[in-house]
2 protein chains.
Amino acid sequence: MLAEIAHIGADPRGGYSRPGYGDEDRELREWFVGHAQARGLDVHRDGNGILWAWWRPEGSAGKAIVTGSHLDSVPGGGGYDGPLGVASALAAVDVLRARGTTPSRPLALAVFPEEEGSRFGLACLGSRLMAGAVDPERALALTDREGDTLADAVARDGLDPRHVGLDRAALDDTECFVELHVEQGRGLVDLGRPIAIGASILGHGRWRVVVGGQGNHAGTTLMADRRDPMVAAARLIVAIRDLARGVPDARATVGRIEPVPGGTNVIASRVAFWLDVRHPDDLVTADLVTRIRDAVALIAAEEGCAADVREESLSPTVDFDRALRADLRRALPDTPELGTGAGHDAGVLADAIPTAMLFVRNPTGISHSPEELVEDADAETGADALADVLSALAGPSV
Amino acid sequence: MLAEIAHIGADPRGGYSRPGYGDEDRELREWFVGHAQARGLDVHRDGNGILWAWWRPEGSAGKAIVTGSHLDSVPGGGGYDGPLGVASALAAVDVLRARGTTPSRPLALAVFPEEEGSRFGLACLGSRLMAGAVDPERALALTDREGDTLADAVARDGLDPRHVGLDRAALDDTECFVELHVEQGRGLVDLGRPIAIGASILGHGRWRVVVGGQGNHAGTTLMADRRDPMVAAARLIVAIRDLARGVPDARATVGRIEPVPGGTNVIASRVAFWLDVRHPDDLVTADLVTRIRDAVALIAAEEGCAADVREESLSPTVDFDRALRADLRRALPDTPELGTGAGHDAGVLADAIPTAMLFVRNPTGISHSPEELVEDADAETGADALADVLSALAGPSV
């Protein structure tokens with residue numbers, strides 16, 4: 001199925017760039033809707049832009065078992081992060097039907113928008129809106145790189161900004177959410193196993209750091225007269241790495257930097273960069289970020305610059321629902337459990353409903369990169385396992 | 001006159017962004033052509049995209065005295081860097097006519113495209129092409145940020161790429177070129193004087209540094225497992241500043257950096273940044289760049305990355321023509337002489353024809369920034385001085 005979308009959002013620099021609420025997103029949705037309708041599922045798109053495909057067998061009752069993932073990507077990302085979980089959800093429906101299993105609870109496939117937050121800076125935007133984990137006013141005012149607000153983007157994408165936000169009815173109607181996802185590290189490679197049950201998600205946050213200096217001419221301004229925010233930002237990127245290295249299990253990353261105006265022969269007047277910090281212990285994350293803030297203040301001052309650090313998102317460490325994990329272990333005996341450093345919609349929704357995850361082996365161990373990979377056999381094992389889980393959760397056939 | 005173009009290429013982040021061979025450039029050209037034609041000057045655009053406006057009084061003879069500058073800007077640049085010299089050339093024609101001076105040599109006003117090199121990375125592109133200082137094949141293959149080649153851009157801009165390159169006839173027909181320009185440092189402010197005669201241009205070059213590492217997920221990749229080109233680039237930016245600080249009179253700047261893919265939750269796979277180095281002594285520049293290259297190799301290796309340093313342009317220090325400078329000193333007695341750290345078309349053309357410059361005071365001392373400024377009175381003093389110079393160079397009235 002993923003071969004059918006291999007052309008959508010292909011980035012000339014490699015991999016895929018599929019930001020949320022955009023043209024690529026619409027094409028990907030059309031692909032999903034086509035597959036869902038071909039399976040006789042009842043499709044609708046909710047006020048937050050989440051796509052739902054329902055299988056409500058006659059006689060089924062009770063709250064829904066929901067599975068799914070996302071279709072958007074980071075810039076230059078791999079082809080499996082997100083789409084594997086969506087395609088596996090569709091495939092699991094096929095597996096259940098091939099087995100003659102008809103769930104006694106409604107089954108829903110969900111596709112969440114802007115999970116990566118690569119357009120509006122806030123990861124898991126769709127699930128955060130649904131769960132009420134972000135204030136809709138704040139979310140609608142978020143801007144992308146072109147300066148468009150989320151309010152503009154959803155309106156252009158056919159949604160009504162007034163309907164964005166907490167979806168109490170959908171949460172109340174959901175028994176649990178199980179998300180299948182490509183593993184984004186080497187856990188399964190090292191274990192020599194094709195799939196794992198998710199145990200936890202590392203707490204993580206994003207901060208936007210803006211360093212302001214004095215823009216000037218690169219040729220006429222003596223080194224001693226400069227207040228160069230690029231040098232301050234560079235010192236900070238090194239300091240952040242060094243601070244994170246000193247904290248076991250911490251990860252701190254700067255992957256995006258934008259100097260203004262960004263000319264070769266111009267000392268920048270302002271440099272913005274984004275900081276991603278993660279650690280299993282939320283107090284350690286908070287402490288590391290405090291020390292990074294101190295470094296920002298100190299180094300910016302030493303370079304004659306001003307600096308501002310703004311939190312864009314902060315998610316505590318999530319341990320997936322214990323009872324639901326036990327259900328998964330029973331449905332998939334002898335399957336290992338693994339934590340992950342990556343954020344997921346299942347982590348955001350864990351505050352509102354029981355959630356769980358399945359991870360599928362990634363032989364390269366590399367993700368958010370064109371080198372991300374899933375072998376066909378592992379993808380099939382994953383879809384079968386998801387079918388086993390859905391079958392167990394949805395109860396005996398009606 | 002500059003108020004008439006204040007709306008063209010205004011950058012929402014501040015200042016002006018007017019890349020060469022683009023839409024803003026076309027609008028600016030139309031403004032110039034309108035003023036030139038209103039003065040009865042004979043306008044044509046040559047094969048390199050240089051605009052020429054000729055005043056050939058009846059009875060005038062001999063090679064032309066040429067003045068002018070450029071209309072393009074760095075991203076977010078000021079309103080005077082370039083346009084002041086073009087407007088002053090038009091104003092000088094008015095001054096000469098108001099004085100009843102009719103030059104006995106032809107007088108030409110020239111507008112050079114892409115002087116800043118902010119679109120195609122090569123500064124003084126128009127004058128380099130005219131002077132044969134860049135191979136046309138190499139120039140036409142240069143690409144902008146969108147991946148368009150110069151060949152594409154000039155073709156879309158109404159030029160024939162086959163006619164780009166050395167313009168022997170124009171050089172042979174030029175007696176000398178005098179460029180008036182806003183000063184880009186504090187020389188005149190410190191002297192308390194409105195104008196200066198240019199003495200020299202600091203040698204300078206541009207290098208593109210590309211650091212390649214391993215793109216990966218910001219959450220799942222342990223700090224110890226990373227080969228992060230952003231950290232390597234940051235260490236290099238700091239090292240470059242520190243190396244330049246240790247060399248008296250050297251300036252080294254990184255004002256542009258582009259991580260790929262540039263996502264917040266993605267360890268970059270590749271980071272490109274651009275290096276600008278200047279020093280009055282070309283051997284010192286070469287030595288500093290050699291030491292920067294050594295640092296690039298060392299630091300990239302320490303970070304498990306690969307790195308490449310490519311020279312994009314290199315211009316030796318230019319001392320303006322001695323005889324022509326003496327003419328200017330005679331025409332403008334008691335005017336100070338000043339060197340500059342900024343590159344100019346007059347510097348590139350100095351290899352082919354006698355060139356000279358006039359600088360006009362910039363009260364902020366800041367350039368390549370919206371804070372660049374010229375007072376009206378100083379602009380008038382500059383235009384009068386340019387008229388004095390043109391009058392002296394073009395000989396007694398016919």
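What you are looking at is a predicted structure, and each value in this text was computed from that prediction instead of being measured. In what follows, every chain begins at residue 1, and chains take the letters A, B, ... in the order their sequences are listed.
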Region of A/Ser118 that comes under 4.5 Å of a non-hydrogen atom in chain B: neither
Separation of A/Arg256 CZ from B/Glu258 CD (nearest 0.5 Å): 13.5 Å
Engaged part of B/Glu371 at the chain A interface, taking heavy atoms whose separation is under 4.5 Å: side chain
Heavy-atom proximity to chain A below 4.5 Å, by part of B/Thr221: backbone
Top contributor to chain A interface from B/Gly262, B/Gly215, B/Gly185 [non-hydrogen pairs under 4.5 Å]: B/Gly262
Toward chain A, the part of B/Ala232 with a non-hydrogen atom under 4.5 Å: neither
Part of B/Arg278 within contact of chain A (heavy atom distance under 4.5 Å): side chain
Distance-only donor-acceptor check, side chains B/Arg226 and A/Thr253, under 3.5 Å: yes
Chain A interface, residue from B/Arg245, B/His204, B/Glu116 that has the most non-hydrogen pairs under 4.5 Å: B/Glu116
Per-residue contact mode, B/Thr264 against chain A (heavy atom under 4.5 angstrom): both
Evaluation steps, side chain to side chain contact (heavy atoms under 4.5 Å, CB included), between B/Asp228 and A/Arg241: CA-CA 10 Å; B/Asp228 184 344; A/Arg241 192 272 299 267; over 6 Å; no
Flag, side chain of B/Arg251 to backbone of A/Ala218, donor-acceptor distance under 3.5 Å: no
Heavy-atom proximity to chain A below 4.5 Å, by part of B/Gln214: side chain
Side chain, backbone, both or neither of B/Arg206 within contact of chain A (heavy atoms, under 4.5 Å): side chain
When A/Gly78, A/Gly219, A/Pro370, A/Gly341 are compared by non-hydrogen pairs under 4.5 Å with chain B, the top option: A/Gly219
Most contacts with chain A, counted as non-hydrogen pairs under 4.5 angstrom, among B/Ser369, B/Ala268, B/Gly263: B/Gly263
Options B/Val238, B/Asn265, B/Ile267, B/Val231, ranked by heavy-atom pairs under 4.5 Å with chain A, top entry: B/Asn265
Selection residues 205-263 of chain B - residue pairs positive for ring pair (Phe, Tyr, Trp, His ring centres under 6.0 Å), sequence neighbours left out: A/His368-B/His217
Choice from B/Ser269, B/Ala252, B/Ala244 maximising heavy atom contacts with chain A below 4.5 Å: B/Ala252
Contact class of B/Leu202 relative to chain A, heavy atoms under 4.5 angstrom: side chain
Side chain to side chain contact (heavy atoms under 4.5 Å, CB included) between A/Arg186 and B/Leu222, intermediate numbers included: CA-CA 11 Å; A/Arg186 301 187 46 82; B/Leu222 301 176; over 6 Å; no
Pairs of heavy atoms under 4.5 Å with chain A: top-ranked of B/Val277, B/Ile237, B/Asn216: B/Asn216
B/Thr220/A/Glu183 under side chain to side chain contact (heavy atoms under 4.5 Å, CB included): CA gap, chis, key distance, verdict: CA-CA 9 Å; B/Thr220 58; A/Glu183 201 206 343; over 6 Å; no
Interchain contact, B/Arg145 with chain A, by part (heavy-atom threshold 4.5 Å): side chain
Closest-packed option against chain B by number of heavy-atom pairs under 4.5 Å, given A/Pro259, A/Ala123, A/Gly343, A/Ala224: A/Pro259
Interface residue of largest heavy-atom contact number with chain B, from A/Arg235, A/Arg13, A/Arg208, under 4.5 Å: A/Arg13
